[in-house]
There are 2 protein chains.
Amino acid sequence: MWAHKYNNNVRSNMSIQKKTTIQDIARHANVSVGTVDRVLHNRGSVMPEKKQRVEEAIKKLNYNPNALASTLAFKKQLLISALIPEATSFDGYWSLPKKGIELGVEKFKDFGLNLALQEFNLYDVSSFVKAAEAVLASNCQGVILAPIFKKESIDFIEKLEEKEISYVFIDLTIRNQNFLSYIGPHLKSSGLVAGKLFDSILNQNEELLVLNMRKEVENHSNVGIIEEGFRNYFEFNKGPKNRTIHTLNLNSMSKERVSGELKAFYKSHPNIKGVFVTNSRAHIAADFHRKMKLDIKIIGFDLVNKNIDSVKNGAIDFLISQRPVFQGTTAVETFFNHFIYKKNPEKVQNVPLDIVIKENIDFYLHANN
Amino acid sequence: MWAHKYNNNVRSNMSIQKKTTIQDIARHANVSVGTVDRVLHNRGSVMPEKKQRVEEAIKKLNYNPNALASTLAFKKQLLISALIPEATSFDGYWSLPKKGIELGVEKFKDFGLNLALQEFNLYDVSSFVKAAEAVLASNCQGVILAPIFKKESIDFIEKLEEKEISYVFIDLTIRNQNFLSYIGPHLKSSGLVAGKLFDSILNQNEELLVLNMRKEVENHSNVGIIEEGFRNYFEFNKGPKNRTIHTLNLNSMSKERVSGELKAFYKSHPNIKGVFVTNSRAHIAADFHRKMKLDIKIIGFDLVNKNIDSVKNGAIDFLISQRPVFQGTTAVETFFNHFIYKKNPEKVQNVPLDIVIKENIDFYLHANN
DNA sequence: ATTATATTTGTGTGCCCACACAAATATATA
DNA sequence: TATATATTTGTGTGGGCACACAAATATAAT
């Protein structure tokens, strides 16, 4: 027994069937729409028999609420805060998640979703603390958080939990049980991918360098995991070629410093044919290689402008991109689904690790990855 | 002079501002909502001066229609047909675009979007013709078309144009001026990517084989472009290593036939260390290599189940994936934007060419790529 | 000026749902 | 039995927009 209804706006077309509404349910169960509403939201009290009739009708007519009408009627607005670093001239990465967040908000603004963007300085803890306070003062319902500063983030999260504000981590995470979702890369796999690529493109006895460039203040636990994954690859895939892997930690990002240190290092290690840069600053090494006409391969992270240029001019061989824009839209979408559709997200939402080369980079730039 | 309005549902929060409505416009321009409506849709006639007042108010108050309320009031339903091959046991590729289309429809069903799926047999032209007739009989407003059969597709398109039904191409295209959009890969770049990868991972004097496997009936103009891109790479990047590239065309996909032909070919060409399979059947060659313990690299296309297995067991080194699921959702979204928001899409929407290896494949499987 | 016709404008209804409130019914208390 | 209280149910309104129709005004023809 079927309960089909054909739309008569379009000339009798089998494949267009109107969605059933609460009105339909009410008629079918011989109650008022108010009662149907009460059953749907288990609000108020309904006689057991009527409740059953309604539930049967819902099943039979395959009722699904119209999210449009629902949000239109549900007047409450939804405010999401985003607490992320601001993009700087020498590190434009965070412009990408930001773009994603803004795209997501744009998409859902008709649904009453609003954004309060709070950016902080990647190298200034106090700016984070200040921004966090602004978020706490804003009485928003959800927070998108990039927990760059571990200790301060944990303090912040505690206050969020007191106020029962839910939060998602974006791009990086800290061990913590109560976040709604983590949206970002699987760091260890990032290292594995780089390892596999280098192992494929290098010859037998060529050596590798892991290059960590960072400022003192930065939380570098992530970088550690990436390097761990990278080294793991070669441990588990030893095979005939037993590669030597060196590590160089630099506390500077200045062109001159890096160039100098690399020059010295290469001199004492002439067999190095590949450099794995564990953050988005591969272009610094790339520029040096290009200037010195060194035939050393580079693999790095992230489609920031200077890296893009280096891929296009051949100085960087592979970039691993972790869908920064997509991370942003996903974070917003996660909250939307959580609050509007009451669907709880997966705890960990790992983004694909895109392998970008000169030949496919344009498509990544154009799409909102 | 600003015209802000703060929502008072949420305790006075600066960042939540109600969207302006046609009511606001009407008040501001001192006309009725009917007149505003007329201006917005240039329906009916409006006195020039009032029209101007309304247009000014729209600009000043930064009015954007609420798509929710709009579609809720706009009762017309939208029917989209999808004319794509059905997935078969030995070629599951088309289950992925189909999944994407269904996801897209699911997402927009509240907006009155309906789908009429018409699948045809990849190896049976007559099934395509029949499905195309069904589409023409369905009086839909848009068609998602996979133009596998060139001649028949052109015939079909002619009839669509007579009936003024717009259509998009998905996954592959044919030269034609009137399609609304093409959503799919840039074929030549697919070849370039494969070329670059092989050039990186192979040694100096190792040779390459381009393996085309197809049934007679298939439209193979695409495969030609891919191979062209592949060979182009080596022409434009000759460098020191001048590679020899062979081509083997097989009119069969049977395990036995392929194995036999490959065996013979490798015997007469012992220097071949890489095979580029120009469609989704790389797993056939992979199984053969694995059985014979041959150390020959394989690059192929598409995340179909058997290819996935081969990547995981190491028999396929690289897969190039062209976001089949995303293609489907994008096609639906394109029509949605076209009909609901009246936004015309870009004529060509190229999807990224994802490079998939053992180390990152899981993330591609989990995401809806 | 008077009627007929064309143009312009305003009002009302429905789309589907959420929620407040009133009405109706049932149960408890005096 | 009458009154107070609790439980259950129905109706109405609003959210922003599209569209039909009626009302108002302007223009033409007599």
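What's counted below: heavy atoms across the whole structure, side chains too, no hydrogens, waters or symmetry copies. Treat the numbers as computed from the prediction; the structure is a model and nothing was measured. Letters go in sequence order (proteins before strands), and every chain restarts at 1.
Applying the side chain to side chain donor-acceptor pair (under 3.5 Å) rule to A/Asn64 yields no partners; only residues at least two apart in sequence or on another chain are considered. For A/Lys98, the salt bridge (charged side-chain N to carboxylate O under 4.0 Å, His left out) test picks out A/Glu119, with sequence neighbours left out. Not counting sequence neighbours, B/Lys107 has no partner by the side chain to side chain donor-acceptor pair (under 3.5 Å) test. For B/Lys51, there are no salt bridge (charged side-chain N to carboxylate O under 4.0 Å, His left out) partners at least two apart in sequence or on another chain. With sequence neighbours left out, the side chain to side chain donor-acceptor pair (under 3.5 Å) criterion links A/Gln52 to A/Glu56. The side chain to side chain donor-acceptor pair (under 3.5 Å) check on A/Asn337 picks up nothing, with sequence neighbours excluded. Looking at residues two or more places apart in sequence or on another chain, you find a salt bridge (charged side-chain N to carboxylate O under 4.0 Å, His left out) between A/Glu106 and A/Lys109.
A/Phe111 has its CZ atom 19 Å from the P atom of D/dG15, to the nearest Å. Rounded to whole angstrom, the span from the NZ atom of B/Lys75 across to the P atom of C/dT13 amounts to 14 Å. Taking atom CG of A/Asp37 as the reference point, atom C1' of D/dT11 lies 13 Å away to the nearest angstrom. The nearest whole Å value for the distance from the CG atom in A/Leu72 to the C1' atom in D/dG15 is 4 Å. Distance CG (B/Leu68) to P (D/dG15): 15 Å, rounded to an integer number of Å. One interatomic measurement links the two molecules: CD1 of A/Ile340 to P of C/dC17, which rounds to 15 Å at whole-angstrom precision. One atom, NZ of A/Lys109, and another, P of D/dG15, lie 20 Å apart when rounded to the nearest Å. What separates CG of A/Asp24 from C1' of C/dC17 is a distance of 13 Å, to the nearest Å.
The stretch residues 39-53 of chain A touches DNA chain D through A/Ser45, A/Val46, A/Met47, A/Lys50, each having a heavy atom under 4.0 angstrom from the strand.
The two residues A/Thr20 and A/Asn62 come nearest to each other via the heavy atoms OG1-O, 3.8 Å.
Not one side-chain nitrogen or oxygen of A/Tyr63 sits closer than 4.0 Å to the OP1 or OP2 atom of C/dC16. An OP1 or OP2 oxygen of D/dG10 is reached within less than 4.0 angstrom by a side-chain nitrogen or oxygen of A/Thr35. Between B/Ser70 and D/dC17 there is no side-chain polar atom (N or O) within less than 4.0 angstrom of OP1 or OP2. For the pair B/Thr21 and D/dG16, the criterion of a side-chain N or O lying under 4.0 Å from OP1 or OP2 is not met.
Screening residues 100-119 of chain A for ring pair (Phe, Tyr, Trp, His ring centres under 6.0 Å), with sequence neighbours left out, gives A/Phe108-A/Phe336, A/Phe111-A/Phe336. Pairs of residues two or more places apart, or lying in two chains, never qualify as ring pair (Phe, Tyr, Trp, His ring centres under 6.0 Å) while including a residue from residues 43-72 of chain A.
If you check every strand for non-hydrogen atoms under 4.0 Å, A/Asn66 touches sugar and phosphate atoms only.
The overall bend of the helix from C/dA1-D/dT30 to C/dA30-D/dT1, read as the angle between its terminal helix axes built from five base pairs each, is 60° when rounded to 10 degrees.
A salt bridge links A/Asp110 with B/Lys19: the distance from a Lys NZ or Arg NE/NH1/NH2 to an Asp or Glu carboxylate oxygen falls below 4.0 Å.
Positionally, the nearest nucleotide of DNA chain C for B/Val33 lies more toward the 5' end than for the other of B/Phe74 and B/Val33. Summary of the strand contacts: A/Ala73 and B/Asn30 both lie near DNA chain C, and taking for each the nucleotide with the nearest heavy atom, the more 5' one is attributed to B/Asn30.
Between the side chains of A/Ser181 and A/Gln349, at least one donor N or O sits under 3.5 Å from an acceptor N or O.
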Polar-atom pairs under 3.5 Å, protein N or O versus N or O of nucleotides 21-27 of chain C: list them with distances, or write none.
none

